[in-house]
Amino acid sequence: MMSQLIKDLIAHRKSYIDCNPIFARLAGGDLTRFHYLAYLRETYHLIKHTPKYLTIAANRVAENDERLANYFRNFSREETGHELLCIRDIHALGENADDILSGDPKPGVWGMVTQCYFWASQGNPIALLGDAFATEELGFARSLEVAKLLETNYSIPRQATNFLRVHGSEDKEHFQAAALTIECYAADRNIYADIDYAARMTYRYYGQLFTDVLELGDGWSEPTGYKVLAP
């Protein structure tokens with residue numbers, strides 16, 4: 001049974017993610033392949049950093065907390081190379097990945113990446129459990145549903161939804177592992193406050209990522225190409 005503590009963390013998703021207009025537009029048939037390409041672009045720029053900051057965090061805590069170090073190391077191994085799924089999906093849509101991925105990430109990704117490197121190298125590394133919880137819970141809750149809608153309603157080929165389908169199937173286990181690890185540290189109010197803050201900010205930045213996807217996808221069109229304007 002899910003504890004109240006974990007339910008409280010999930011409540012942040014309802015505040016920052018569930019109300020984002022991207023889901024209403026997706027369900028209403030108001031998105032295009034350009035929005036999906038924008039999502040793959042931003043996701044690539046986000047997840048290519050995950051193994052790096054997890055390794056930094058593992059090295060910082062290894063001397064005093066081997067259990068947490070092992071969690072970070074295992075999670076890093078399991079996430080390594082997942083950005084290649086985004087490239088595979090872009091190619092399956094008949095696009096040049098270099099064109100799609102060029103330029104800097106938009107604000108939502110930038111916020112998540114910079115906060116994770118901060119927690120890993122300067123702040124409290126345990127707070128990264130909040131980020132892990134939020135990203136994996138979101139993937140578990142939404143990815144397979146979104147992949148099905150894209151394939152059914154938008155004629156996106158199944159071979160172009162690898163990232164969503166892999167994370168939709170794997171993230172339940174990752175979410176449960178993050179939740180169990182959080183429970184180990186929740187008795188310390190200061191530590192849990194950092195975990196809660198990191199989870200809340202991750203959901204908030206992910207909401208911004210979805211807003212960035214809408215803006216980028218709305219702006220892209222065949223004649224003009226895939227231009228990424230500065231935020």
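Count residues from 1 along the sequence.
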Minimal non-hydrogen separation, [X] against [Y], with atom names:
{"X": "Ile56", "Y": "Ala120", "value": "CG2-O, 3.7 Å"}
{"X": "Phe72", "Y": "Pro125", "value": "CZ-O, 3.4 Å"}
{"X": "Lys52", "Y": "Lys48", "value": "CE-O, 3.8 Å"}
{"X": "Asp188", "Y": "Asn190", "value": "OD1-N, 3.0 Å"}
{"X": "Arg60", "Y": "Gln122", "value": "NH1-N, 3.4 Å"}
{"X": "Gly217", "Y": "Ala38", "value": "N-CB, 4.1 Å"}

Exercise. Could you walk me through whether Ile10 and Phe175 pass the side-chain contact (heavy atoms from CB on, under 4.5 Å) test, one step at a time?
Key: CA-CA 11 Å; Ile10 293 175; Phe175 157 66; 4.2 Å; yes
Quiz prompt | Worked check of side-chain contact (heavy atoms from CB on, under 4.5 Å) between Phe133 and Ile6 | solution = CA-CA 9 Å; Phe133 176 91; Ile6 299 303; 3.7 Å; yes
Heavy-atom side-chain proximity of [X] to [Y] below 4.5 angstrom:
{"X": "Leu129", "Y": "Leu68", "answer": "yes"}
{"X": "Glu136", "Y": "Glu79", "answer": "yes"}
{"X": "Pro51", "Y": "Arg77", "answer": "no"}
{"X": "Phe163", "Y": "Ile47", "answer": "yes"}
{"X": "Ile87", "Y": "Tyr44", "answer": "yes"}
{"X": "Asn153", "Y": "Lys148", "answer": "no"}
{"X": "Tyr117", "Y": "His49", "answer": "yes"}
{"X": "Val113", "Y": "Pro105", "answer": "no"}

Check this for me: does any side-chain nitrogen of one of [X] and [Y] sit under 4.0 Å from a carboxylate oxygen of the other?
{"X": "Glu215", "Y": "Lys106", "result": "no"}
{"X": "Arg73", "Y": "Glu66", "result": "yes"}
{"X": "Arg13", "Y": "Glu137", "result": "yes"}

Quiz item: Taking the six-membered ring where the residue is Trp, are the ring centres of Phe23 and Phe210 under 6.0 Å apart?
Solution: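 Ring centroids of Phe23 and Phe210 are less than 6.0 Å from each other.
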Checking [X] side chain against [Y] main chain: does a donor-acceptor pair fall under 3.5 Å?
{"X": "Asp65", "Y": "Val61", "value": "no"}
{"X": "Thr202", "Y": "Ala198", "value": "yes"}
{"X": "Thr114", "Y": "Gly111", "value": "yes"}

Modelled atom types, side-chain donor and acceptor of [X] and [Y], under 3.5 Å:
{"X": "His12", "Y": "Asp196", "answer": "yes"}
{"X": "Thr43", "Y": "Glu83", "answer": "no"}
{"X": "Thr32", "Y": "His35", "answer": "yes"}

Report the distance from atom [atom1] of [X] to atom [atom2] of [Y], rounding to the nearest 0.5 Å.
{"X": "Leu128", "Y": "Trp119", "atom1": "CG", "atom2": "CH2", "result": "8.5 Å"}
{"X": "Tyr185", "Y": "Asn124", "atom1": "OH", "atom2": "CG", "result": "10.0 Å"}
{"X": "Asn162", "Y": "Leu40", "atom1": "CG", "atom2": "CG", "result": "10.0 Å"}
{"X": "Leu164", "Y": "Arg158", "atom1": "CG", "atom2": "CZ", "result": "11.5 Å"}
{"X": "Asp18", "Y": "Tyr203", "atom1": "CG", "atom2": "OH", "result": "9.0 Å"}
{"X": "Ser102", "Y": "Arg41", "atom1": "OG", "atom2": "CZ", "result": "6.5 Å"}

Counterpart residues, salt bridge (charged side-chain N to carboxylate O under 4.0 Å, His left out), relative to [X] (two or more places apart):
{"X": "Glu145", "result": "Arg142"}
{"X": "Arg204", "result": "none"}
{"X": "Glu78", "result": "none"}

Self-check item: Plane angle bin for Tyr36 and Tyr39 - parallel if under 30°, tilted between 30 and 60°, otherwise perpendicular
Solution: parallel
Practice problem: Specify whether His174 and Phe75 have parallel, tilted or perpendicular ring planes, treating 30° as the upper limit for parallel and 60° as the lower limit for perpendicular. | Solution: perpendicular
Contacts of type side-chain hydrogen bond (donor to acceptor under 3.5 Å, both in side chains), residue [X], not counting sequence neighbours:
{"X": "Tyr53", "answer": "Asp131"}
{"X": "Glu151", "answer": "Thr161"}
{"X": "Asp30", "answer": "Arg25"}

Is it possible for you to say whether [X] and [Y] belong to one hydrophobic cluster, with membership spreading through side-chain heavy-atom contacts below 4.5 Å?
{"X": "Ile126", "Y": "Leu5", "result": "yes"}
{"X": "Leu85", "Y": "Leu37", "result": "yes"}
{"X": "Ile17", "Y": "Leu144", "result": "no"}
{"X": "Met201", "Y": "Trp110", "result": "no"}

Practice problem: Tell me, with the steps shown, if Arg33 and Tyr154 meet side-chain contact (heavy atoms from CB on, under 4.5 Å). | Solution: CA-CA 8 Å; Arg33 67 191 299 273; Tyr154 291 88; over 6 Å; no
Practice problem: May I ask you to check whether over 12 heavy atoms, not counting those of Tyr197, lie within 6.0 Å of atom OH? | Solution: no
Quiz item: Should Asn20 and Leu214 be marked as a side-chain contact (heavy atoms from CB on, under 4.5 Å) after you check the CA-CA gap, both sets of side-chain angles, and the distance that decides it?
Solution: CA-CA 10 Å; Asn20 192 283; Leu214 290 178; 4.2 Å; yes
